[in-house]
Amino acid sequence: MTKQKLLLLDGNSLAYRAFFALPLLTNDSGIHTNATYGFTTMLQKIIGEENPTQMLVAFDAGKTTFRHESFGEYKGGRQKTPPELSEQFPYIRKLIDAYNIKRYELEMYEADDIIGTLAKQAAGQGIEVIVVSGDKDLTQLATEDVTVYITRKGITDIEKYTPAHIEEKYGLTPEQIIDMKGLMGDQSDNIPGVPGVGEKTAIKLLKEHGTIEKLYEAMDSLKASKMKEKLVDNEEMAHLSKKLATIHTDAPLTISLDDLAYAGPDEEALLNVWQELGFKSLIEKSDFEAVETEQAELVFENVQAITGDMLKETMAIHLELENEHYHSCNALGLALSDGERTVYTAIDNVVDNADLKAWLQDETKKKYIVDSKATQAMLHRLGIELKGVEFDLLLASYILKPSISGDDVATLAKEFGYQDVQSNEAIYGKGAKWFVPGADHVAEHVSRKAVAVWNLQPLLEQKLKENEQFELYKELELPLAHILGKMESEGITVNIDTLRQMGDDLKAKLEVMEATIYELAGEKFNINSPKQLGVILFDKLGLPVIKKTKTGYSTAADVLEKLQSEHDIVKHILEYRTLAKLQSTYIEGLIKEVHKEDLKVHTRFQQALTSTGRLSSTNPNLQNIPIRLEEGRKIRKAFVPSKKDWILFAADYSQIELRVLAHMCGDDALVEAFQQGMDIHTRTAMDVFNLENPDEVTSLMRRTAKAVNFGIVYGISDYGLSQSLDITRKEAAIFIENYLQSFPGVKNYMDTSIEEAKKAGFVTTILNRRRYLPDITSSNFNLRSFAERTAMNTPIQGSAADIIKKAMIDMNARLEHEGLQTKLLLQVHDELIFEAPKEEIEILERIVPEVMENAIKLSVPLKVEFSYGATWYDAK
DNA sequence: AGATTGCTA
DNA sequence: AAATTTAGCAATCTA
């Protein structure tokens, strides 16, 4: 039998060490993970290196210990444990349990004493003992059989204290460590020691006299000195301090060495905890990754045809797709489940099945789905118009936990404690390794998804109701998904010839500019490489360095603008950049996205992604088509109606975010300004610059006021405002100060929002959308400040998002009600873009503003402006 | 895969 | 003592 080896860990000390050694990390669900992560890596390393046969992690029990009886101030004056660390202790315990390591704490005793007692017992039985802690006091336990590992700097860097090492380092024996501490005291434990005696003096005295007791016995023979006086005056304290510093090796433990056997972790439990904490790198590195969580057996049928008897009044369905590009990819198969019976069929059996098609199109047959929009769009391509969506797991999860990233059923399900479904990656692999496994594997995987959706529906609806978010989900997001699906499937027509023509012009211009830039630089280089460009500008041409990035010189536009007067090349680079951006992103990029079949682009609106409730748009992103500069704005000429004699009609909310702010903060001056229909930036300028008359506001003042207004919405700092206006910080601070004095209600709103976030842990929008802000109480300035700004910004941005979403639903209903041909095509945060036959323009001019302005009633009016034209460019 | 840059509301 | 304005997506370069 191999020699036994016992590892004794000081849980509290190591957790503290890990916490302070690592930056405040946060995982997806907002839990801090630096201590848990550091603790885990330390465990991994030490177990891997030492291969212990027994293990124990000792913790301090309560607040008071036997040491407090002899010295009330013991450990007094200690900083309270930071909440970011306290919240991690439960997870550390979970981790230890998952490792199958014994945990132990004992009333009235500290972890040190538990460790000391067990170390002594084990050494007595000839067991090799290793003690691990971040606290050097423990080194007093070192013997021939006991080695003490103390963490250095980080958490995995370790210094090994044997008696020999202690002798070498201090010239003392391990027992003398106690005397040393008795003399020098310990600030962290509030042990006083002898004032004026530090490490050097203590060591010197102990080398000479051996122990504190012998030192005092020999006191009379010492020559008079300041030092001697101090020692004599504090004799009692010295003895007490030594007593406090002594680790007890005879604590009345209720466990024995036999309870400490260690035989490796419970891999499944450990994976679960790691998953919960988001330790993706550890999960990937672990050699037990292949061990998938044991899944409950699933009964399902892989059938050739879905028959009428399988189609119930209410069912979960899952249409499995190859990937997320549901406007172009293939579908693999369809599973249906009513909780009792689960059937799957390959996609080829779906299209021609009249019963199934009728059932899918039947409004009265209720469907539970994950990502109903994707399902609707894919089925639409197969000639099936999905109706009767009753539940959408993706949207429900998003409302409950906006921070979840990913739309994989397994990810969503796990968030709500459901394990019996595997990740897409586990089934298909990813990247170059992606492939579709055998039909039976797919059938089971897809069936499991349908069953998961079925099982999660009641739980999520209940949670939504508990949060008073059911209405937001059911009346806003769910119907919106249907509308967005229609918009995406409809698509918007792109005139490729227009783009090609623009691309050719750009190409010619870019070639000329390239030549000019090479000429001015004196050599050829890759202008698109910030690194190479940096070398040219700052090394070769010697331009002053204004800003640096992590990796080198910054060559961003705001930097280059400041360098324009320094060298001719700069303005050419700026111009080159502008055109190159248009060429690659908006000409070439857009052309790639045009579907050949209908000459349209079909974006995907991500409805469960942003933390504020906004939509986002991908493949292509149609929410960032250029408009500010004329050169870029011309791209919009390529967006045209799908039919002859139709037009594009665009309607946007004017200053919706400021109006929302006015509504939410109720500031009299701001509310009044909007109620009177004033130009809000002019009004702000009058307040910021202390003017009586609107005529006194210059265009520069208005521009400044506009920047202040934007800043206010984002939770500005003087620095930020100074950057955006290119003014000094002081000037910026004065503007903000003046603003907040003129609109005290806004100031109050900011403070209240932060207060609310601290109290409830989240902020809310008009329609009760939530954003959780765990960092609001962080001790890390940056994290906390960011959370504070988002506490102010999210209700504003999110409520504006609520309003336009509601407007989309109302608009859809109104178009249907009026029996119009007009189609909603795009949403760009505060604007809606329609295509319409010319004959309907007049009606739209009337109903679009009406519907949008009345989507949600605020205490200030909402204002909508509109325009239309033959292309998106002309709708201005 | 991450960093840099630049486009939108 | 240091950083400093919200929310996104995509192209390109570099390691």
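The structure displayed is predicted, hence computed values, not measured ones. Both backbone and side-chain heavy atoms feed into the values below; hydrogens, waters and symmetry mates do not. Chain A is the first sequence line, chain B the second, and so forth, proteins listed ahead of strands; every chain is numbered from 1.
The footprint of chain A on DNA chain B, defined by a heavy-atom cutoff below 4.0 Å, extends from B:dA3 to B:dA9.
For the pair A:Phe605 CZ and C:dA7 C1', the computed distance is 16 Å after rounding to whole Å. Here C:dC9 presents its C1' atom at 18 Å from CD of A:Gln607, a figure rounded to the nearest Å. In this structure, the CG atom of A:Leu533 is 12 Å from the C1' atom of C:dC13, given to the nearest Å. One interatomic measurement links the two molecules: CZ of A:Arg577 to C1' of C:dC13, which rounds to 12 Å at whole-angstrom precision. Atom CG of A:Leu590 is separated from atom P of C:dC9 by 17 Å (rounded to the nearest Å). The CG-C1' distance, from A:Asn526 to C:dT12, rounds to 9 Å in whole Å. Rounding to whole angstrom units, OH of residue A:Tyr719 and P of C:dT6 are separated by 13 Å. Straight-line distance from the CG atom of A:Asn528 to the P atom of C:dA10: 19 Å, rounded to whole Å.
In the model, A:Asn624 has a side-chain atom that pairs as donor or acceptor with a side-chain atom of A:Tyr586 under 3.5 Å. With no hydrogens or angles considered, no side-chain donor-acceptor pair links A:Ser785 and A:Asn782 at under 3.5 Å.
Proximity of A:Ser529 to the phosphate of C:dT14: a side-chain N or O atom is located under 4.0 Å from OP1 or OP2. At C:dA7, one or more side-chain N or O atoms of A:Arg771 fall inside 4.0 Å of OP1 or OP2 (strictly under the cut-off). The phosphate of C:dC9 has OP1 or OP2 within less than 4.0 Å of a side-chain N or O from A:Ser616. At C:dA7, none of the side-chain N or O atoms of A:Arg614 fall inside 4.0 Å of OP1 or OP2 (strictly under the cut-off).
Residue contacts for A:Asn619: at a heavy-atom cut-off of 4.0 Å it reaches the sugar-phosphate backbone alone, with no base atom in range. As judged by a 4.0 angstrom heavy-atom cut-off over every strand, A:Ser554 is placed among residues touching the sugar-phosphate backbone only. Using a 4.0 Å heavy-atom distance criterion, A:Glu657 is classed as making no nucleic acid contact. Among the atoms of the strands shown, none is found under 4.0 Å from any heavy atom of A:Tyr653. Across all strands, A:Leu609 comes closer than 4.0 Å only to sugar-phosphate atoms, never to a base (heavy-atom distances). At the heavy-atom level, A:Asp718 lies nowhere under 4.0 Å from the strands shown. A:Leu582 comes within 4.0 angstrom of nothing in the nucleic acid, heavy atoms only. Within the nucleic acid shown, A:Asn793 comes within 4.0 Å of sugar-phosphate atoms alone, with no base atom in reach, counting heavy atoms only. Looking at heavy-atom distances under 4.0 Å, A:Ala557 makes contact with sugar-phosphate atoms alone, never a base. If you check every strand for non-hydrogen atoms under 4.0 Å, A:Arg729 touches a base. Note on A:Lys581: a base of the nucleic acid sits closer than 4.0 angstrom, heavy atoms only. Across all strands shown, A:Ile627 has heavy atoms under 4.0 Å from sugar-phosphate atoms exclusively, and none from any base. The residue A:Thr794 sits apart from the nucleic acid: no heavy atom pair falls under 4.0 Å. A:Arg628 comes within 4.0 angstrom of a nucleotide base, judged by non-hydrogen atoms across all strands.
The side-chain heavy atoms of A:Phe743 and A:Asp667, taken from C-beta on, include a pair separated by under 4.5 Å. Contact check for A:Leu832 versus A:Met808: side-chain heavy atoms found under the 4.5 Å cut-off. Within the 4.5 Å cutoff, no side-chain heavy atoms of A:Lys634 are placed close to those of A:Leu582. Residues A:Pro402 and A:Arg771 fail the side-chain proximity criterion, which asks for heavy atoms closer than 4.5 Å.
Among the nucleotides C:dA7, C:dC13, C:dA15, the one closest to any side-chain atom of A:Thr612 is C:dA7.
Salt-bridge check for A:Lys509 with A:Asp505: failed, with every basic side-chain N at 4.0 Å or more from each acidic carboxylate O.
Between atom CD1 of residue A:Ile766 and atom CE of residue A:Met664 there is a gap of 6.0 Å, rounded to the nearest 0.5 Å.
Comparing the P positions of C:dA2 and B:dC7 gives a spacing of 33 Å, expressed to the nearest Å. Rounded to whole Å, the P atom of B:dG6 lies 34 Å from the corresponding atom of C:dA1.
When all heavy atoms of A:Tyr749 and A:Ile796 are compared, the pair lying nearest together is OH-CG1, 3.6 Å.
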